[in-house]
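Written below as structure tokens is the structure these notes are about.
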Amino acid sequence: MKTADIRAAFLDYFRTKDHTIVPSSSLVPTNDPTLLFTNSGMVQFKNVFLGSEKLSYVRAADVQRCLRAGGKHNDLDSVGYTARHHTFFEMLGNWSFGDYFKRDAIRYAWELLTGVFKLPADKLWVTVYHTDDEAYGIWNKEIGVSAERIVRIGDNKGAPYASDNFWQMADTGPCGPCTEIFYDHGPEIAGGPPGSPDEDGDRYIEIWNLVFMQFDRAPDGTLSPLPAPCVDTGMGLERLAAVLQHVHSNYEIDLFQHLIQIAAELTSTKDLANKSLRVIADHIRACSFLIVDGVLPSNEGRGYVLRRIIRRALRHGWMLGVRGDFFWKMVQPLVEEMGSAYPELAAKQSFVEEALRTEEQRFGETLEHGMRVFDEVAAKSGKTIPGEDAFRLYDTYGFPVDLTADIARERGLSVDMEGFDRAMEEQKERGRRGSNFQAKGLMPAELASQLKPTVFLGYETLSSQGCKV
Ligand code: ATP
Ligand code: MG
Ligand code: MG
Ligand code: MG
């Protein structure tokens, strides 16, 4: 089954269960200034869960474009390292707004996976929240999943929104216990079942998360019940496609193989399994869709996340031997793959190409020099790249610190992040001293008033360049 057919089959199934099919919302959330990017399907329904927005339907399904490259959900550092993580991916989702709850959510998921998609039941594992006896009972008694393949999972202390069975979109907002469905890709692949010490491997891959949205978390951490319990589910389209296409990695599915093939041609790379090709194929999706949704490369906030992703992709191209521009040329094949599902991408193709080309040319001017500097620094630094060198790469050569850390990681090195932050602080301090100097009137008042906005803006830009997103 092609990825495009899986998208359609998912929506068809939920249409027959009286769900209203809704379009994907933008990667830039319109209803939540605290959230950097749409990181799951539920984001556009957040106010519906909270009770402040009413819809004309109580069941919905969609295919949502998502980005996990900043904020609470950040998979940027997993790309190229795991078989299952992207920065940009599509999330298949179905919702109940105060209508059906645990029983039907579980039944629909099981019927779709084993009935429609014909997945062998004995390859599926499920997890439930450790205290959720109701969900456990439904899986075990009603669906018939054997106890050996149902795992109770508690809270993940320290990172309550990461791989545990209590889902939340961010530090505050709607949340609740969840049950997740995993697919066992077989003993040839390293990794243990969910809940085991080596669960982070890629053998048992989580495909679907069913969240039972019951609470609203306040900034002080307290939970209050939502007006009506809801269901929020999310299944990674690429992960499901990998299972249905009998491949292990998401990067081996039809959609990615096409992008990887083109990336290989553009970079004259023979080995299609080269990690850099995967990173480039991943990043072209993230970057193109961010630009479609109105984000442009800049030195702050969302624009800086975009800039960081573009520069990472360009560095991978450079590593493959590219010495000119290439990345923007990936937009055309992306449109061929995804333009019919996302007409907005096709409509903005030349705009996206232009934005990428401009950024590519800008960074192209310093990338090569910066890489030489990195090599010199690495040669004299031992295991850790000093913070002031990482800062110099950032300040003079436009290397975001996570890019430097990524290069370092590939070579078994690390970056002194504290030292980098200190160097950034010192730079800011110099900026502040500069503005005090003018404010104290040591400069003609008229000139100072003209300069002040510039000085202030410079400081703003610097502080946001260093922002941790
Ligand atoms: P994982 O534990 O594998 O990182 P997750 O628990 O963080 O996944 P959820 O937040 O539950 O993922 O998101 C719902 C579904 O979206 C997942 O079950 C998975 O199929 C898919 N998904 C999540 N993150 C990614 C990603 N970075 N790339 C591709 N698909 C993803
Ligand atoms: Mg998980
Ligand atoms: Mg995750
Ligand atoms: Mg999950």
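Numbering starts at 1 and runs along the sequence shown. In each ligand, atom 1 is the first atom listed, and ligand 1 is the first ligand listed.
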Going by an N to O cut-off under 4.0 Å, is there a salt bridge joining K102 and E142? no

Which of the atoms in ligand 1, numbered in the order shown and given with their element, are less than 4.0 Å from a heavy-atom of D75? 24 (N), 26 (C), 27 (N)

Is the shortest side-chain heavy-atom distance between L244 and L119 below 4.5 Å? yes

Please work out whether any backbone atom (N, CA, C, O) or any side-chain heavy atom from C-beta onward of I207 is under 4.0 Å from ligand 1, and answer side chain, backbone, both or neither. backbone

Based purely on interatomic distance, does N209 place a nitrogen or oxygen under 3.5 Å from a nitrogen or oxygen of ligand 1? yes

Within 45 degrees of the ring normal and closer than 6.0 Å to the centroid, is that where the cationic atom of K348 sits relative to F289? no

Regarding ligand 1, does F89 bring an N or O atom to under 3.5 Å of one of the ligand's N or O atoms? no

Set of ring-ring contact (aromatic ring centres under 6.0 Å, His included) partners for F101, sequence neighbours left out: F212

At a non-hydrogen distance cut-off of under 4.0 Å, which region of W167 contacts ligand 1 (side chain, backbone, both, or neither)? side chain

Does the side chain of V116 reach to within under 4.5 Å of the side chain of F10, using non-hydrogen atoms? no

Could you point out which residue of D104, D99, D18 forms a side chain to side chain donor-acceptor pair (under 3.5 Å) with R59? D99

Quick check: E206 and ligand 1, any N/O pair under 3.5 Å apart? yes

With a 4.0 Å heavy-atom cut-off (strictly under), which part of R239 contacts ligand 1: side chain, backbone, both or neither? side chain

Side chain, backbone, both or neither: which applies to R68 and ligand 1 if a contact is any heavy-atom pair less than 4.0 Å apart? side chain

Indicate, as side chain, backbone, both or neither, the part of R84 found under 4.0 angstrom from ligand 1 when only non-hydrogen atoms are considered. both

Which residues share a side-chain contact (heavy atoms from CB on, under 4.5 Å) with D416, sequence neighbours left out: T384, E418, R422

Answer yes or no as to whether an N/O/S atom of E206 is found below 2.8 Å from the Mg ion (ligand 2). yes

Numbered atoms and elements of ligand 1 in range of M91, under 4.0 angstrom, heavy atoms: 13 (O), 14 (C), 16 (O)

Which class fits the ring pair H73 and W167: parallel under 30°, tilted 30 to 60°, perpendicular over 60°? parallel

What atoms in ligand 1 come closer than 4.0 Å to a heavy atom of E180? 6 (O), 11 (O)

